[in-house]
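Have a look at the structure below before the remarks.
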Amino acid sequence: MRRTLKRVTLGALGVVAAALIAALVAAAALVFPAVPRSVASLHFAGFVHLPKSRTGGWLTVLDYLTVDDDRLYVTSESTGDVYQVPLGGGALPPPGSIRVVAGAGAAHGVVVDPAGRLAFVTRSDADHVDVFDPTSLATVKSIKVADDVDAAIFDPADRLVYAVSGDPHLASLIDPATQANVGTIALGGKPEFAAFDPQTRLVYQNLEDGDAVAAVDVARRTVVDRWSLAPCQGPTGLALDLANRRLFAVCSKNALMVVMDLASHRVIASLAIGGGPDSVAYDPVLKRLYATGKSGILSVIQQDGPDAYRTLDTVKLHYGAHTLAIDPATHRLYIAYASLILPPRLAVFDAVR
């Protein structure tokens with residue numbers, strides 16, 4: 001009896017020890033990001049280390065990345081910070097060159113008005129859009145918008161900041177000249193990423209809960225059409241190939257990227273990509289697409305023609321590395337990492353031609 005009890009006790013202790021070791025290994029993997037490998041299409045240039053938030057907290061979840069000329073804006077959903085990172089094609093910017101805009105509420109999308117050169121950042125929880133000066137980083141004004149405000153883009157045709165709110169299913173329109181909320185548009189579904197089409201003067205808006213993309217006429221304050229993205233489930237990230245009239249959407253629920261012909265409004269291709277995809281970017285010079293998501297897998301897809309696509313490379317990043325941006329001047333790719341305990345960081349890759 002004692003021998004049996006001893007064996008059971010030792011077995012239970014072994015299970016507990018194995019579980020503890022597995023938990024420690026998993027925690028270490030979350031805290032200390034592995035260095036991603038270079039692949040045929042991308043050379044890993046290194047990490048850009050962002051300043052640790054002064055508001056504290058163990059977890060930093062970075063959200064949207066926005067390139068504006070020689071600056072990159074990176075938002076923190078968990079701390080409310082907005083990082084301003086200087087860009088260039090040479091050495092990576094040192095930590096001392098990165099500046100921070102603090103504010104109340106989770107920070108999401110950043111838009112810079114090309115005329116007035118003021119920046120706008122959406123802040124959920126606080127339910128407002130902050131206006132700040134990119135030079136001084138001083139906050140100029142806070143504009144009240146609908147709750148759950150998230151992504152934002154600039155509509156150059158109507159000269160308005162277009163900011164979407166998920167739960168209310170609508171977009172708020174902000175006039176940069178008066179820094180005022182001048183109206184809303186009912187979208188008919190939960191909005192995710194959006195993109196402006198200069199040819200049609202429409203905003204294409206992914207609707208995550210409808211597996212569709214809406215065509216939004218901002219001037220008329222209405223949705224004028226809506227097209228299915230099937231087989232896409234849960235569309236999030238969106239990008240456009242304006243020359244070939246193609247729309248790219250990544251699908252969070254079934255790990256696909258779909259390609260829509262904007263003339264026929266039909267999906268003409270779909271490709272498997274990494275799990276939980278959230279953002280996609282298109283490089284029109286290199287004819288490449290980059291997609292990443294919560295699983296931390298970067299998919300590199302080559303466009304051989306308007307209707308021909310193939311996967312070039314797959315890169316393992318870090319869990320939670322779900323957003324990215326391309327610097328069009330250098331073709332350099334920036335990917336935001338989630339961080340636990342350590343300061344947040346960006347993984348940087350240079351395109352190999």
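We count residues from 1, following the sequence as given. As a basis for the values below, the full set of heavy atoms in this structure was taken, side chains included, without hydrogen atoms, waters or symmetry mates. Since we're looking at a predicted model, the values are computed, not measured.
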Work out which heavy atom in Tyr319 is nearest to a heavy atom in Ala338; give both atom names and the distance.
O-CB, 4.0 Å

If you take all heavy atoms of Tyr83 and Pro51, which pair is closest and at what distance?
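In this case the closest contact between Tyr83 and Pro51 is OH-O, 3.3 Å.
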
What distance do Phe120 atom CZ and Asp130 atom CG have between them, rounded to the nearest 0.5 Å?
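Here the interatomic distance stands at 10.5 Å.
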
Arg288: side chain to side chain donor-acceptor pair (under 3.5 Å) partners, not counting sequence neighbours
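Per chain and number, Arg288 pairs via side chain to side chain donor-acceptor pair (under 3.5 Å) with Gln302.
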
Please tell me whether [X] and [Y] are part of a single hydrophobic cluster in this structure, the criterion being side-chain heavy atoms less than 4.5 Å apart.
X      : Y      : result
Val315 : Leu312 : yes
Val203 : Leu160 : yes
Leu65  : Ile326 : no
Val352 : Ile335 : no

Keeping to residues at least two apart or across chains, list the salt bridge (charged side-chain N to carboxylate O under 4.0 Å, His left out) pairs with something in residues 205-214.
none

Taking only distance into account, with no hydrogens and no angle test, what donor-acceptor pairs under 3.5 Å do side-chain atoms of residues 37-50 form with protein atoms, sequence neighbours excluded?
| unit_1 | atom_1 | unit_2 | atom_2 | d |
| --- | --- | --- | --- | --- |
| Arg37 | NH2 | Thr314 | O | 3.0 |
| Ser38 | OG | His43 | ND1 | 3.4 |
| Ser38 | OG | Phe44 | N | 2.9 |
| Ser41 | OG | Asp313 | OD2 | 2.6 |

Got a sec, which pairs hit disulfide (SG to SG under 2.5 Å) with one end in [range], sequence neighbours left out?
range            : value
residues 287-353 : none
residues 103-183 : none
residues 108-147 : none

His331 vs Asp283, test: side-chain hydrogen bond (donor to acceptor under 3.5 Å, both in side chains). Steps then yes/no.
CA-CA 7 Å; His331 308 283; Asp283 187 325; 2.7 Å; yes

Between Lys287 and Asp304 (side chain of the first, backbone of the second, donor and acceptor by atom type, cut-off under 3.5 Å), is there such a pair?
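Looks like no, no N/O pair under 3.5 Å.
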
Where the side chain of Thr222 meets the backbone of Val224, is there a donor-acceptor pair that is under 3.5 Å apart?
no

Which residues pass the side chain to side chain contact (heavy atoms under 4.5 Å, CB included) test with Ala329, not counting sequence neighbours?
Asp327

Partner residues of Ala219 under the side chain to side chain contact (heavy atoms under 4.5 Å, CB included) criterion, sequence neighbours left out:
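Expected list: Asp158, Asp217.
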
Return the set of residues passing salt bridge (Lys or Arg N to Asp or Glu O under 4.0 Å) with Asp70 (not counting sequence neighbours), or none when no residue passes.
none

Scan the side chains in residues 162-174 for donor-acceptor partners under 3.5 Å anywhere in the protein, sequence neighbours excluded, and list what turns up.
| unit_1 | atom_1 | unit_2 | atom_2 | d |
| --- | --- | --- | --- | --- |
| Tyr162 | OH | Gln205 | OE1 | 2.9 |
| Ser165 | OG | Ala146 | O | 3.3 |
| Ser165 | OG | Asp147 | O | 3.2 |

Determine all donor-acceptor pairs shorter than 3.5 Å in which one atom belongs to a side chain in residues 89-118; sequence neighbours excluded.
| unit_1 | atom_1 | unit_2 | atom_2 | d |
| --- | --- | --- | --- | --- |
| Ser97 | OG | Pro94 | O | 2.7 |
| Arg99 | NE | Gln84 | OE1 | 3.2 |
| Arg99 | NH1 | Thr135 | O | 3.0 |
| Arg99 | NH2 | Gln84 | OE1 | 3.1 |
| Arg99 | NH2 | Pro134 | O | 3.1 |
| Arg99 | NH2 | Thr135 | O | 2.8 |
| His108 | ND1 | Asp63 | OD2 | 2.6 |
| His108 | ND1 | Asp150 | OD1 | 3.4 |
| His108 | NE2 | Ser124 | OG | 2.7 |
| Asp113 | OD1 | Ala115 | N | 3.2 |
| Asp113 | OD1 | Arg159 | NH2 | 3.2 |
| Asp113 | OD2 | Gly116 | N | 2.9 |
| Arg117 | NH2 | Asp68 | OD2 | 2.7 |

Donor-acceptor contacts, no H, no angles, side chain residues 234-260, under 3.5 Å, sequence neighbours left out:
| unit_1 | atom_1 | unit_2 | atom_2 | d |
| --- | --- | --- | --- | --- |
| Thr236 | OG1 | Val250 | O | 3.4 |
| Thr236 | OG1 | Pro277 | O | 3.1 |
| Thr236 | OG1 | Asp278 | O | 3.4 |
| Asp241 | OD1 | Ala243 | N | 3.3 |
| Asp241 | OD1 | Asn244 | N | 3.2 |
| Asp241 | OD2 | Asn244 | ND2 | 2.8 |
| Asp241 | OD2 | Tyr282 | OH | 3.4 |
| Asp241 | OD2 | Gln303 | NE2 | 3.0 |
| Arg245 | NH1 | Asp197 | OD1 | 3.0 |
| Arg245 | NH1 | Asp197 | OD2 | 3.4 |
| Arg245 | NH2 | Asp197 | OD2 | 2.6 |
| Arg246 | NE | Pro306 | O | 3.2 |
| Arg246 | NE | Asp307 | OD1 | 3.2 |
| Arg246 | NH1 | Asn244 | O | 3.0 |
| Arg246 | NH1 | Asp261 | OD1 | 3.3 |
| Arg246 | NH2 | Asp307 | OD1 | 2.8 |
| Ser252 | OG | Gly234 | O | 2.8 |
| Asn254 | OD1 | Gln233 | N | 3.2 |
| Asn254 | ND2 | Pro231 | O | 2.8 |

So with a 6.0 Å cut-off around NZ of Lys316, is the heavy-atom count from everything else above 12?
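Result for NZ/Lys316: open.
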
Run the side-chain contact (heavy atoms from CB on, under 4.5 Å) test on Val140 and Gln179 for me, step by step, so that the C-alpha distance in whole Å, both residues' side-chain angles and the decisive distance to 0.1 Å come before the verdict.
CA-CA 9 Å; Val140 176; Gln179 298 165 28; 3.7 Å; yes

